[in-house]
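Reviewing the structure listed below.
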Amino acid sequence: MAVCFVLGLILTAVLIVVFFSPAELPHVTLASLNVSRLNFTSYHISGYVDMQFHVLNANLLTNFSYDDVYCSMYHGKRRLATTVFPAFFQRASETKPINFTVYLAPVTTATELRKELAPCSFEEFDVKLDTFIKWRFGSSSSKSVRVSCNEVPVGLVLTAPGHGMMIGPARTCKVF
């Protein structure tokens, strides 16, 4: 009888932890970043940046529903480009690839940026993702989430058309 009571208490404690513990935020890694058709004129910069992220929902029982994901790319404090990935659903324990192609639209800081970039060098870029996540397990919740991949090293060749790629392995991003 005492054994059944102890097992019942343990089972109750496990159920309370499972049903009332907060959902774990997703784990995000930047798998690749490639630059193509990078072009500088006197005052403008243009080109394409292809990025692939892997988003892991590490929760065993909680599904996520993401609003649109906004992706911005920075060099220092200068925002070079922004794009949007459409809303999506992610099941518990699932890893989803998210691909972004960012067009570096003409910006007026090209002259300053060109001075900072050597003809063959590596540069560090920052990538930020912003979204709103909703989940339902026990009770409904939602959270605004920011993902930050700072100081991503990219090897660049600036001869026309310029190109480059991320240096090193996939990078784990901060999620908060």
Side-chain heavy atoms under 4.5 angstrom apart, residues restricted to Ile, Leu, Val, Met, Phe, Trp, Tyr: same cluster for Phe88 and Trp135?
-> yes
How many angstroms lie between CG in Asp130 and OG in Ser72, if you round to the nearest 0.5 Å?
-> 6.5 Å
In terms of heavy-atom contacts, Pro26 and Val55 come closest through CB-CG1, 3.9 Å
If we only count heavy atoms from C-beta on, is the Val154 to Phe122 side-chain gap below 4.5 Å?
-> no
Is any side-chain heavy atom of Glu124 less than 4.5 Å from a side-chain heavy atom of Val152?
-> no
Hey, are the side chains of His163 and Leu38 touching, using non-hydrogen atoms and a 4.5 Å cut-off?
-> no
Looking only at atom types and distance, does a side-chain atom of Asn57 sit under 3.5 Å from a main-chain N or O of Thr62, one as donor and one as acceptor?
-> yes
Where do Lys128 and Tyr74 land on the side chain to side chain contact (heavy atoms under 4.5 Å, CB included) test, with the steps shown first?
-> CA-CA 8 Å; Lys128 310 269 190 238; Tyr74 296 84; 3.6 Å; yes
Does the side chain of Leu104 come within less than 4.5 Å of Val49's, by heavy atoms?
-> yes
Do you know the tightest heavy-atom contact between Phe64 and Ala23?
-> CE2-CB, 4.2 Å
Could you tell me which non-hydrogen atom of Phe89 sits nearest to which non-hydrogen atom of Glu94, and how far apart they are?
-> O-OE1, 4.4 Å
Shortest non-hydrogen pair, Ala31 vs Met166, comes out as O-CE, 3.4 Å
Validation row: Leu129, Phe85 side chains within 4.5 angstrom (heavy atoms) | no
Of all the heavy-atom pairs spanning Lys134 and Ser142, show the shortest one and how long it is.
-> CG-CB, 3.8 Å
Side-chain touch Met73/Thr83, heavy atoms, less than 4.5 angstrom = no
Under 3.5 Å, side chain of Asn59 to main-chain N/O of Ala92, donor-acceptor pair present?
-> no
Met165 and Leu33: side chain to side chain contact (heavy atoms under 4.5 Å, CB included), yes or no, with the steps?
-> CA-CA 6 Å; Met165 61 188 300; Leu33 186 150; over 6 Å; no
Sequence neighbours left out, cut at 3.5 Å: what donor-acceptor pairs do the side chains of residues 167-176 make with other protein atoms?
{"unit_1": "Arg171", "atom_1": "NH2", "unit_2": "Asn150", "atom_2": "O", "d": "2.9"}
{"unit_1": "Arg171", "atom_1": "NH2", "unit_2": "Glu151", "atom_2": "O", "d": "3.4"}

Name the orientation class of the two ring planes belonging to Phe53 and Phe100 (parallel below 30°, tilted from 30 to 60°, perpendicular beyond 60°).
-> perpendicular
pair Asn39-Pro161: side-chain heavy atoms closer than 4.5 Å | no
Passing candidate, side-chain hydrogen bond (donor to acceptor under 3.5 Å, both in side chains) with Gln52, options Asn34, Thr29, Asn99 = Asn99
Do Val35 and Leu156 have side chains that get closer than 4.5 Å, going by heavy atoms?
-> yes
Output, in order, the C-alpha distance, side-chain angles, deciding distance and verdict of side chain to side chain contact (heavy atoms under 4.5 Å, CB included) for Ile133 and Ser65.
-> CA-CA 6 Å; Ile133 299 176; Ser65 176; over 6 Å; no
Going hydrophobic residue to hydrophobic residue with side-chain gaps under 4.5 angstrom, can you get from Leu25 over to Val127?
-> yes
To the nearest 0.5 Å, tell me how far Arg146 CZ sits from Tyr70 OH.
-> 13.0 Å
How far does CD of Gln90 sit from CD1 of Ile98, to the nearest 0.5 angstrom?
-> 7.5 Å
Looking only at atom types and distance, does a side-chain atom of Thr131 sit under 3.5 Å from a main-chain N or O of Asp68, one as donor and one as acceptor?
-> yes
Side chain to side chain contact (heavy atoms under 4.5 Å, CB included) between Glu123 and His75, worked out | CA-CA 8 Å; Glu123 291 296 322; His75 184 266; 3.1 Å; yes
